[in-house]
Number of protein chains: 2
Amino acid sequence: MPLDLVARFAALVAPNDMLDAEDAAPHLVEPRGLYKGRAAIVIRPRSTEEVAAIVRLAHETGTPIVPQGGNTGLVGGQTPDQGGGAILLSTKRLDRIREVDADENLIVAEAGVTLAAIQDAAKAADRLFPLSLGSEGSCTVGGNIATNAGGVGVLAYGNTRDLVLGVEAVLPDGRIWNGLRRLRKDNTGYDLKHLFIGSEGTLGIVTAAVLKLFPAPREVATAFCGVPSPAAALALFRLLRAKAGSALTGCEILPRIGLDFTLRHMAATRDPLSEPHPWYVLVELSSPLSIGLAATLESALAEAFETGIVEDAAIAVSGEHAEAFWRIRQGMSEVQGKEGGSIKHDVSVPLGRVAAFIAEATSAVEAFEPGARVVAFGHLGDGNIHFNVSQPVGVDKATYLERWSAMNEVVHGIVEAYGGSIAAEHGVGRLKRGLLPTVKQSVELDMMRAVKSALDPNGLFNPGVLI
Amino acid sequence: MPLDLVARFAALVAPNDMLDAEDAAPHLVEPRGLYKGRAAIVIRPRSTEEVAAIVRLAHETGTPIVPQGGNTGLVGGQTPDQGGGAILLSTKRLDRIREVDADENLIVAEAGVTLAAIQDAAKAADRLFPLSLGSEGSCTVGGNIATNAGGVGVLAYGNTRDLVLGVEAVLPDGRIWNGLRRLRKDNTGYDLKHLFIGSEGTLGIVTAAVLKLFPAPREVATAFCGVPSPAAALALFRLLRAKAGSALTGCEILPRIGLDFTLRHMAATRDPLSEPHPWYVLVELSSPLSIGLAATLESALAEAFETGIVEDAAIAVSGEHAEAFWRIRQGMSEVQGKEGGSIKHDVSVPLGRVAAFIAEATSAVEAFEPGARVVAFGHLGDGNIHFNVSQPVGVDKATYLERWSAMNEVVHGIVEAYGGSIAAEHGVGRLKRGLLPTVKQSVELDMMRAVKSALDPNGLFNPGVLI
């Protein structure tokens, strides 16, 4: 980028908001180091108006823009390519919570506010913001919206998409769209916010949003259950859903090998149960009402124990105890990193097919790569399994990771046969862009391209990502 | 339309599926008689493939298409204009329920299936499809999707948008998009189904959908409450929400004048309470679990009675009794028709502003048209009020209705000042198309036009509606 253009961008923000090389560096590599990029400038505007000014200049000069939130995405959607001609626009300094309205059950926040800060603001108003992910301390709500993030609260509260009432966005031509609606019902035309949610920065930049809040839980009952198989885990889910209805707010599945990794690599963790079990289900019941959830959980587990669905279970006796269970679940990705290379599959299948999918994909992967260690875990109630495969012990990590695409092909083929999705909650990004034509009808890809061209005719937003 | 072209369309369907003038007539006027149109042909295909063949020929010949479901819309979106050059394509014969999967909690239905038939199919599988409207016996699910229909179940289950997992649609060029997804999580690109939901037939024709089912209610508790004011009604809503949480599945507000109309014009109805009250709230608690809702309702009403929020209440002692309460609510539009002209406003405001809005809009309307009788009723918990205004007694109906637009302007101005929507659940159609530029930013209208041009570049779908 010519220096005079750099200067023109710099003039649009305060001096420290255009980063020098040292401060820019962390924005150009994602935490796992899988994606690295280059950018002409890294800029962190402080207001929607500054974002709009930057985008207008980019529009005028044909400069590509890569929006970035907390830089925690797992598919490379937040990292520029190696070309070095793009602007990396970080939303981190759009960090104000503009309003919390407990009465209307909503919060208005800028894109760069971390998910944890939103959760905290809701809590301070005696409300719940139910989106919850492993990276919640550093991911931003703008990134959550851009990727339609999932997480552990989807079962009861839906994906990010379901939690957004309105968005404010800067469009590719630099105009600001104030779509900060706060109504539960509004049928005045196409629902454009749903285009931006999950668009991975390809249609503009979400700068703020109106988010739904919920009553804070009054009762929480948590259990860590040992079960013989994924089929038993699913039976347990169904039993709990029947007994607790919408109070079943968490239902995560973990394999024994995942717990082994945790015990090996995470400080201050212990096996919640006295004997090992092949699989585990982490269960949470919660409600804003006092409705005796502890008794509900106990009687459901007693029934599950009698029918052999559950082999053993520990019920949390305190908030700390429950947190210890959740730490095991939330650390699941991290501990795999300590066991060498891990090839990931973020997939979903219809709920009733989860057990069959895990069995078939495990056999296929073990045949494809003898000694590979399948760590299949995730959001059982959503049919969303993180089908991750750790390298065989002792092999070379880099050599193993070279088989990423080939193994993906094996697993994704089974996902397709089960009517599933190969990008359930992490999105497409750079990682799976090339796979879209294999899983989407051409008519749908054509529609996506038509929408992209309609809103970003010059193709300046996040080129190389998603579409 | 030239006769040979008529013949080409006729050749695409079975002989009886291209209607003669007599059978076509009911499709060209909507039930209230407010919109009447003309069409070159009225055609009722029986399969998605037949729809696609018709649309391909229309595309090839530049023939406009007006899609129509149950012809129950209230904004003229289903009625062609007077030009007579368009095809009216009725989806009524796309009437198969393709699948009910109780295990996965979903139903796959074609566009022409009536809402009541979907509800019945769900019930037969011991499930609930929670969308519920006054016209459910004749409206179709395709029309519900095209208009993002609301109704009395939105409070707990959301609008139609929230109940759709996937859609199948014929695009304006005649290609079939099979978007019949059945996953709870799928982040593989723009969520195009949300563009079609609420698009009022302007982007193509939805031919089938995958809809979410819910557990059937086991317990239902229903009450008809006399309250002193809309503010008290809102306080009652909040009390019930706090006591019953997500088990509060219905909360409708009615004014005394609405009940007066009902008693006057609807056979076999009686006042549920012994004395008249200024306002009424119809409350429903329901749950798939047995959690003692009758006791919850009684204790909440006792508390409300003590604090003066509720003046009197009748609790339904049987299903028939509860149905009698609901009949009063569902007949509210019909009985207004018997009192002469009624000028309608389908609006929403933030929940906390409902009472102030009703007060201010009532004063304004009474000043604008002395003697006019405001019948403000609707979905209290959604902030969605049908602010209808019956003519003064004794004036000429046609003269009164001539003031429709001017009165709209008075009421919509107040809605705007309260941050509300002038088309909360009935949509825009022909009725409010001209108002969109007054309530939408130009940047949003531009985006809507860009999307419309991208998917329907020749503008053949439902011209004159929405955009």
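All chains are named by letter (A, B, ...) in the order of the sequence lines, taking the proteins before the strands, and each is independently numbered beginning at 1.
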Counting only N and O atoms by type, is there a donor-acceptor contact under 3.5 Å from the side chain of B/Arg218 to the main-chain atoms of B/Ser290? no

So which part of A/Phe214 gets closer than 4.5 Å to some heavy atom of chain B, the side chain, the backbone, both or neither? neither

When you compare the side chains of A/Ser287 and A/Glu219, does any donor N or O come within less than 3.5 Å of an acceptor on the partner? no

So that I can tick it off, tell me whether A/Arg182 and A/Glu99 are bridged by a salt bridge, with the cut-off set at under 4.0 angstrom between side-chain N and carboxylate O. yes

Begin with the C-alpha distance, continue with both residues' side-chain angles, and end with the deciding distance and a verdict on side chain to side chain contact (heavy atoms under 4.5 Å, CB included) for A/Phe196 and A/Leu171. CA-CA 10 Å; A/Phe196 287 88; A/Leu171 305 188; 3.5 Å; yes

Check: A/Asp346 side chain, A/Glu425 main-chain N or O, donor-acceptor pair, under 3.5 Å: yes

Scored by heavy-atom pairs under 4.5 Å with chain A, the best of B/Arg353, B/Glu200, B/Met447, B/Arg241 is B/Met447

Pull out the residues in residues 150-163 of chain B that come under 4.5 Å of chain A, heavy atom to heavy atom, sorted by number. B/Gly150, B/Gly151, B/Val154, B/Asn159, B/Arg161

Less than 4.5 Å to any heavy atom of chain B: does that hold for the side chain of A/Ser453, its backbone, both, or neither? neither

Counting only N and O atoms by type, is there a donor-acceptor contact under 3.5 Å from the side chain of B/Asn384 to the main-chain atoms of B/Val347? yes

Nearest non-hydrogen partners of A/Ala423 and B/Thr188, listed with the distance: CB-CG2, 3.6 Å

Report which part of A/Ala242 has an atom under 4.5 Å of a heavy atom belonging to chain B: side chain, backbone, both, or neither. backbone

If you count heavy-atom pairs under 4.5 Å with chain B, which of A/Ile467, A/Val349, A/Leu203 comes out on top? A/Leu203

So which of A/Ser442, A/Gly189, A/Gly383 has the largest heavy-atom pair count under 4.5 angstrom toward chain B? A/Gly189

Taking all atoms of both residues into account, what is the closest heavy-atom pair of A/Leu240 and A/Ala300, and its distance? CD2-CB, 3.9 Å

Is the side chain of A/Asn458 donor-acceptor paired with the backbone N or O of A/His59 at a distance under 3.5 Å, no angle test? no

Okay, A/Arg433 and chain B: the region with an atom under 4.5 Å from a heavy atom over there is neither

On a heavy-atom basis, the closest approach of B/Ala146 and B/Gly201 is CB-N, 4.2 Å

For A/Leu351, is it the side chain, the backbone, both or neither that has a heavy atom under 4.5 Å from a heavy atom of chain B? both

Which atoms of A/Thr147 are under 4.5 Å from chain B, going by heavy atoms: the side chain, the backbone, both sets, or neither? backbone

Let's test your reading of the structure: which of B/Asp382, B/Ile197, B/Leu445, B/Thr202 forms the most heavy-atom pairs below 4.5 Å with chain A? B/Asp382

Please rank B/Arg184, B/Lys452, B/Lys440 by heavy-atom pairs under 4.5 Å with chain A and give me the top one. B/Lys440

Of A/Asn178, A/Asn105, A/Val439, the largest count of non-hydrogen pairs under 4.5 angstrom with chain B goes to A/Asn178

Out of B/Leu195, B/Asp103, B/Leu435, B/Val428, which one racks up the most heavy-atom pairs below 4.5 Å with chain A? B/Asp103

Are any of the side-chain nitrogens in A/Glu444 or B/Arg181 under 4.0 Å away from the carboxylate oxygens of its partner? yes

At a heavy-atom separation under 4.5 Å, does A/Pro350 approach chain B through its side chain, its backbone, both, or neither? both

Enter the distance from A/Asp186:CG to A/Asp191:CG here, rounded to the nearest 0.5 Å. 8.0 Å

Select, from B/Ala454, B/Ser421, B/Ala424, the one with the greatest count of heavy-atom pairs under 4.5 Å involving chain A. B/Ala424

Can you tell me which portion of A/Asp446 sits under 4.5 Å from chain B's heavy atoms? Options are side chain, backbone, both or neither. side chain

Out of B/His426, B/Arg449, B/Lys432, B/Lys243, which one racks up the most heavy-atom pairs below 4.5 Å with chain A? B/Lys243

In sequence, state the C-alpha distance, the side-chain angles, and the governing distance for B/His379 and A/Lys185, and then conclude on side chain to side chain contact (heavy atoms under 4.5 Å, CB included). CA-CA 10 Å; B/His379 316 296; A/Lys185 276 185 170 172; 3.1 Å; yes

Ignoring hydrogens, what is the shortest heavy-atom contact between B/Ala450 and A/Leu455? Give both atom names and the distance. CB-CD2, 4.3 Å

